[in-house]
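Notes to accompany the following structure.
Note on naming: letters A, B, ... go to the chains in the order of the sequence lines (proteins, then strands), and numbering restarts at 1 for each one. Just so it is clear, the values below take in all heavy atoms, side chains as well, and ignore hydrogens, waters and symmetry mates.
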There are 2 protein chains.
Amino acid sequence: MVLSKACTYGILATLYVAKENKEFVPIRELSDELHISFHFLTKILQQLTAQGLLISLKGPKGGVKLAKDPATITYYDVIRAIDGDEVFTECVLGLPGCGHEAPCPIHEFWSPTRDLLKTTFVSQSLEESAYQINELKLRLSLGHWNLEEE
Amino acid sequence: MVLSKACTYGILATLYVAKENKEFVPIRELSDELHISFHFLTKILQQLTAQGLLISLKGPKGGVKLAKDPATITYYDVIRAIDGDEVFTECVLGLPGCGHEAPCPIHEFWSPTRDLLKTTFVSQSLEESAYQINELKLRLSLGHWNLEEE
DNA sequence: AATTTATCAGACAAATTAGTCTGATTAAAA
DNA sequence: TTTTAATCAGACTAATTTGTCTGATAAATT
Ligand code: SF4
Ligand code: SF4
């Protein structure tokens with residue numbers, strides 16, 4: 001598993017917020033639509049607000065919204081806020097004291113892949129995905145396809 | 001974390017066995033040299049023998065050895081034997097019922113990366129790494145560099 | 001001001017992963 | 001044939017991640 005569950009939930013939620021493009025989406029709406037546990041999602045989003053990616057408001061009409069223009073927020077930003085950047089920096093073999101001075105046998109063929117992993121997430125903004133979701137009606141939900149209404 | 005700890009330990013151990021190139025390396029030697037818990041490593045290697053990647057022998061002069069020519073064993077084989085192939089097939093967002101018919105907004109930019117991830121591990125054999133370890137004296141151990149003897 | 005609706009804070013529980021331990025089994029060597 | 005050195009099998013513990021719950025707090029509406 002590349003990303004933790006908390007992290008994927010965080011991405012799904014920020015994508016939803018980005019595509020809705022309205023002020024303060026309540027977490028309840030997010031958890032309902034995305035089929036994610038409300039309380040768990042709440043904790044995750046609290047991390048994102050603490051990291052400055054989201055702004056939250058209590059009370060009626062409250063919820064969360066993006067702190068910045070979605071065009072300036074990348075997947076990498078969200079991932080780093082929740083999982084840290086270990087995925088993009090650590091050795092796939094978890095060897096300590098890694099570096100070019102004392103490379104492990106994996107380094108040579110792993111580091112290009114690791115770099116692409118980072119590039120992939122750095123180069124995609126929430127806005128781009130949000131646009132695609134709206135235009136192409138792409139799905140954005142856990143919960144099984146076709147099993148429920150709609 | 002891309003690979004589980006069990007998986008990275010399994011890779012380290014098979015690399016060690018491949019580079020030693022002698023009959024039946026005892027697990028104790030592996031756990032000592034690689035600084036991995038003996039009992040934990042034992043369980044992991046049992047999986048690998050069950051999957052047919054290793055052959056084991058009990059008793060004195062016993063241990064494990066590769067079941068095939070290391071040139072024909074890839075990282076992918078070891079990973080699949082321990083972690084399964086979910087890393088290479090699953091969605092990074094863990095959405096269910098994935099596929100080209102109902103792609104999620106991640107698919108388009110994630111799938112090339114996921115493919116490289118697979119290609120990376122498929123295209124590297126244990127023999128190649130073992131060769132590099134021996135020739136370039138690359139390190140292959142948890143346990144901190146320079147802190148202990150040698 | 002009171003009520004309602006939302007996040008926030010943090011304790012708690014469940015599930016998964018990581019790691020430990022003991023004894024049984026097998027094979028080589030003495 | 002006895003001892004010794006190894007894996008095998010499986011129960012057990014610890015740590016981490018995931019998920020649940022309750023109450024406090026804040027803002028908007030009435
Ligand atoms: S040298 Fe490369 S592959 Fe090896 S531990 Fe460091 S980052 Fe990882
Ligand atoms: S369409 Fe692609 S990115 Fe989306 S869930 Fe399936 S594999 Fe994952």
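Here dT7(C) is the nucleotide among dA27(C), dT7(C), dA18(C) with the atom lying nearest to any side-chain atom of S56(A). Residue M1(B) places its side chain closer to dA18(C) than to any other of dG19(C), dA18(C), dA27(C). Here the side chain of P60(B) is nearest to one of dA5(D), dC8(D), dA27(D), namely dA5(D). For F38(B), whose side chain is taken as the heavy atoms from C-beta onward, the closest listed nucleotide among dT7(D), dC21(C), dA28(C) is dT7(D). Closest contact between the side chain of K5(A) and the listed nucleotides dT18(D), dA6(C), dC8(C) involves dT18(D). Comparing dG19(D), dA6(C), dA6(D) by their closest approach to the side chain of K58(B) singles out dA6(D). When distances run from any side-chain atom of K43(B) to the nucleotides dC8(C), dT20(D), dG10(D), the shortest one goes to dG10(D).
Taking atom CD of residue E23(B) and atom P of nucleotide dA28(C), one finds them 12 Å apart after rounding to whole Å. In this entry the distance linking CD1 of I82(B) with C1' of dG19(C) reads 15 Å, nearest Å. The NE2 atom of H39(B) sits 16 Å away from the P atom of dT13(D) (whole-angstrom rounding). Between Q47(A) atom CD and dC8(C) atom C1' the separation is 13 Å, expressed in whole Å. Rounded to whole Å, atom P of dT7(C) lies 15 Å from atom NZ of K61(A). Here dG19(C) presents its P atom at 15 Å from NE2 of H35(B), a figure rounded to the nearest Å.
Ring geometry for F121(A) against Y75(A) counts as tilted: the plane angle lies between 30° and 60°, on a 0 to 90° scale.
Remark: side-chain polar atoms of T8(A) are paired, donor with acceptor, to backbone N or O of K5(A) under 3.5 angstrom.
In this structure, R28(B) forms a cation-pi arrangement with F38(B), its terminal cationic atom sitting closer than 6.0 Å to the ring centre and no more than 45° off the ring axis.
More than 12 heavy atoms of other residues, nucleotides or ligands shown are found within 6.0 angstrom of NZ on K68(B).
Annotation: of the two residues near DNA chain C, T49(A) and S4(B), the 5′-most nearest-nucleotide partner is T49(A). Comparing L57(A) and G63(B) by the nucleotide of DNA chain D whose heavy atom lies nearest to each, the residue mapping closer to the 5' end is G63(B). Toward the 5′ end of DNA chain C lies the nearest nucleotide of I27(A), the other residue of the pair L41(B) and I27(A) mapping further downstream.
Of the side-chain N and O atoms in S37(A), none sit less than 4.0 angstrom from OP1 or OP2 of dG19(D). Not one side-chain nitrogen or oxygen of Y9(B) sits closer than 4.0 Å to the OP1 or OP2 atom of dA18(C).
Using a 4.0 Å heavy-atom distance criterion, L45(B) is classed as making no nucleic acid contact.
Contact of the T113(B) side chain with the T113(A) side chain is not registered, since no non-hydrogen atoms from C-beta on lie closer than 4.5 Å.
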